[in-house]
Amino acid sequence: MTLIIRMARDSTDERLINVAARLIRDGRVVAFPTETVYGLGADAFNPPAVRKIFELKGRPPDNPLIVHIATEEQLRMVAGKVPEKALKLAAEFWPGPLTLVLPRSDRVPDVVTGGLDTVAVRMPAHPVALKLIRASNRPIAAPSANVSGRPSPTLAEHVVDDFYGKVDCIIDGGPTDIGVESTVLDLSEDVPLLLRPGGLPLEELERVIGKIEVHPAVHGGKIDRAKAPGMKYRHYSPRARVVVVEGEAEWRRKKIRELVEEYRRAGLRTGVLITEDYDTGADEVFVTGKSMEEVARSVFRGLRCLDKRNVDVIVAEGVEERGLGLAVMNRLRKASGYNVVRQRGRNSANERGNP
Ligand code: AMP
Ligand code: MG
């Protein structure tokens, strides 16, 4: 049975939070809103409870979870060492969409870290998430609340679609603010390394700690380091095939129209995920809005929406890779299985896209 708790972002109803916190303490699984996407949470210090998360999601056991904390004391509990740069970033950006990979403490069970000697930690900036962690009085291990490989959930409805009847509780806190997952930064070695672009732009991080290396997998390069375990798996994918169109605005529009026409002739139902409405000729249209914030907020919702409309192919418009755009493009390219159509002179000559 799944208990659904509706809770406004700034609700002060202690009773409701205590019901969910009680479930966490009892070793149950609770989906909850964060400012990035919905999380599927369990007591980080309870291995059987954490194992349930992996089973529910169908997540490979070597893909570790992020531990969500609400206090600095909890940071000391889960990290073996907290380097200077981590303290600086935490002071500047926590609570917020930044996950730090740090040496782990002995208290963190292997099942959480996938056996690695590091742990990923984040303090979320959502009042409901913070209250849940505080009321449970323990760190909460939580990946995104979607079945592995599917687009991440930005509405409680998405969690219901994937897990109703399977998880013990879903807290419905409305739409998430940011819409893409946290930025994951590895500080466990001397040189800071960006493992996953996300809700906090790289530029902001570099402003505080200087130069950060970017893991090649962020741009779709080869996965050569066991350090970035999550990156080798299929991600964010709707049922429909996805094609991403990258290039200058004019070229993009023209190419999207051409592809839609080509797929239509091949008898395929086509959806477009675009930043601004124009005549594409597609069967289904999802418009994200033009600002990078709007695109980030609605990219996963768009993929899920078009999927529900039973399209065969989704043609997604690429955006510039700056600010939140780096995270958006990382998610779109992964969702497409790197099926990218790029303007000539922009690294690749593929102009067709495989439906
Ligand atoms: P999700 O919870 O679905 O947003 O995924 C969590 C992300 O954090 C995945 O990409 C994991 O591979 C990554 N992650 C979690 N723990 C670690 C760790 N100790 N080292 C490196 N990456 C990690
Ligand atoms: Mg995920």
Side-chain angles (χ1 to χ4, degrees), residues 29 31-42 44 50 53-54 56-69 75 78-82 86 97-105 107-124 126 129 139-154 158-159 162-163 176 178-189 192-200 213-215 217-218 223-238 296 299-300 303-304 327 330-331 334-335:
V29 176
F32 62 97
T34 79
E35 81 279 30
T36 57
V37 302
Y38 274 76
L40 195 60
V50 174
I53 295 178
F54 283 88
L56 284 162
K57 280 187 60 104
R59 184 173 176 111
D62 65 349
N63 189 6
L65 308 184
I66 294 170
V67 176
H68 292 73
I69 58 167
L75 171 63
V78 299
K81 202 179 105 195
V82 185
L98 172 65
T99 295
L100 300 175
V101 172
L102 306 172
R104 70 190 269 197
S105 87
R107 287 194 66 181
V108 184
D110 276 343
V111 59
V112 172
T113 67
L116 295 176
D117 51 11
T118 53
V119 62
V121 199
R122 160 168 126 83
M123 190 184 290
H126 194 293
I140 294 182
S144 51
N146 53 286
V147 168
S148 261
R150 302 257 303 134
S152 298
T154 58
H158 299 155
V159 186
D162 283 14
F163 294 117
T176 61
I178 295 178
V180 290
E181 302 88 338
S182 59
T183 301
V184 180
L185 182 71
D186 185 353
L187 292 178
S188 67
E189 287 179 33
L193 179 65
L194 180 77
L195 296 181
R196 175 177 78 181
L200 188 65
E213 251 187 59
V214 175
H215 193 288
V218 167
I223 316 300
D224 54 352
R225 265 177 91 161
K227 295 209 63 158
M231 294 174 174
K232 59 179 183 278
Y233 295 108
R234 193 182 131 90
H235 259 103
Y236 317 122
S237 305
V299 61
F300 285 132
L303 292 174
R304 280 185 181 254
N330 170 270
R331 305 308 188 270
K334 281 194 173 192

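Counting starts at 1 for both ligands and their atoms, in listed order. Because the structure is predicted, anything quoted here is derived from the model rather than measured.
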K.L.:
For Glu181 and Ser144, test the side chains for any donor-to-acceptor distance below 3.5 angstrom and give the result as yes or no.
P.N.:
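Ser144 and Glu181 do not have a side-chain donor-acceptor pair below 3.5 Å.
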
K.L.:
Is it the case that the side chains of Arg196 and Thr99 hold a donor-acceptor pair, with the cut-off being a distance below 3.5 Å and no angle test?
P.N.:
no

K.L.:
Give a yes/no answer: is there an N/O/S atom of Ser144 under 2.8 Å from the Mg ion (ligand 2)?
P.N.:
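Given the 2.8 Å cut-off, Ser144 counts as a ligand of the Mg ion (ligand 2).
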
K.L.:
Which of the numbered atoms in ligand 1 are below 4.0 angstrom from a heavy atom of Leu116?
P.N.:
18 (C), 19 (N), 20 (N)

K.L.:
If you measure from atom 18 (C) of ligand 1 to every heavy atom of Val184, Thr118, Leu193, Leu185, which option wins on shortest distance?
P.N.:
Thr118

K.L.:
Would you tell me which option among Gly39, Ala145, Pro64 has the nearest heavy-atom contact to atom 15 (C) of ligand 1?
P.N.:
Pro64

K.L.:
Please walk me through it: do Leu98 and Arg122 pass side chain to side chain contact (heavy atoms under 4.5 Å, CB included)?
P.N.:
CA-CA 6 Å; Leu98 172 65; Arg122 160 168 126 83; over 6 Å; no

K.L.:
Counting each atom of ligand 1 from 1 as listed, which ones have a heavy atom of Leu195 under 4.0 Å away?
P.N.:
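By the 4.0 Å cutoff, the relevant atoms are 21 (C), 22 (N).
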
K.L.:
Yes or no: does Arg59 have any heavy atom under 4.0 Å from an atom of ligand 1?
P.N.:
yes

K.L.:
What atoms of ligand 1 come closer than 4.0 angstrom to any heavy atom of Arg196?
P.N.:
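Going through ligand 1 atom by atom, the ones under 4.0 Å from Arg196 are 1 (P), 4 (O), 5 (O), 6 (C), 7 (C).
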
K.L.:
Does the side chain of Arg104 reach to within under 4.5 Å of the side chain of Asp110, using non-hydrogen atoms?
P.N.:
yes

K.L.:
Indicate, as side chain, backbone, both or neither, the part of Arg104 found under 4.0 angstrom from ligand 1 when only non-hydrogen atoms are considered.
P.N.:
neither

K.L.:
As an exercise, state the distance from CG of Leu200 to CG of Leu185, rounded to the nearest 0.5 Å.
P.N.:
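So the CG of Leu200 and the CG of Leu185 are separated by 9.5 Å.
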
K.L.:
If you measure from CZ on Arg304 to CG on Asp162, what distance do you get to the nearest 0.5 Å?
P.N.:
4.0 Å

K.L.:
To the nearest 0.5 Å, tell me how far Leu100 CG sits from Leu187 CG.
P.N.:
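So the CG of Leu100 and the CG of Leu187 are separated by 5.5 Å.
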
K.L.:
Under 4.0 Å, heavy-atom basis, I'd like to know which part of Val37 is in contact with ligand 1: side chain, backbone, both or neither.
P.N.:
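Looking at Val37 and ligand 1, no heavy atom falls under 4.0 Å.
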
K.L.:
Quick one: does any side-chain atom of Asn330 pair with a main-chain N or O of Val218 as donor and acceptor, under 3.5 Å?
P.N.:
yes

K.L.:
Within ligand 1, which atoms have a heavy atom of Ile66 less than 4.0 Å away?
P.N.:
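Listed by number with element, the hits are 6 (C), 8 (O).
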
K.L.:
Between OG1 of Thr154 and CD1 of Ile178, what distance do you get to the nearest 0.5 Å?
P.N.:
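Thr154 atom OG1 to Ile178 atom CD1 measures 12.5 Å (nearest 0.5 Å).
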
K.L.:
Need the ligand 1 atom indices (1-based, order shown) with element for anything under 4.0 Å from a heavy-atom of Ser144.
P.N.:
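Counting atoms of ligand 1 from 1, those under 4.0 Å from Ser144 are 1 (P), 2 (O), 3 (O).
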
K.L.:
Below 3.5 Å, N or O to N or O, backbone or side chain included: is there any such pair between Glu181 and ligand 1?
P.N.:
no

K.L.:
Applying a strict 4.0 Å limit to heavy atoms, is Thr113 in contact with ligand 1?
P.N.:
no

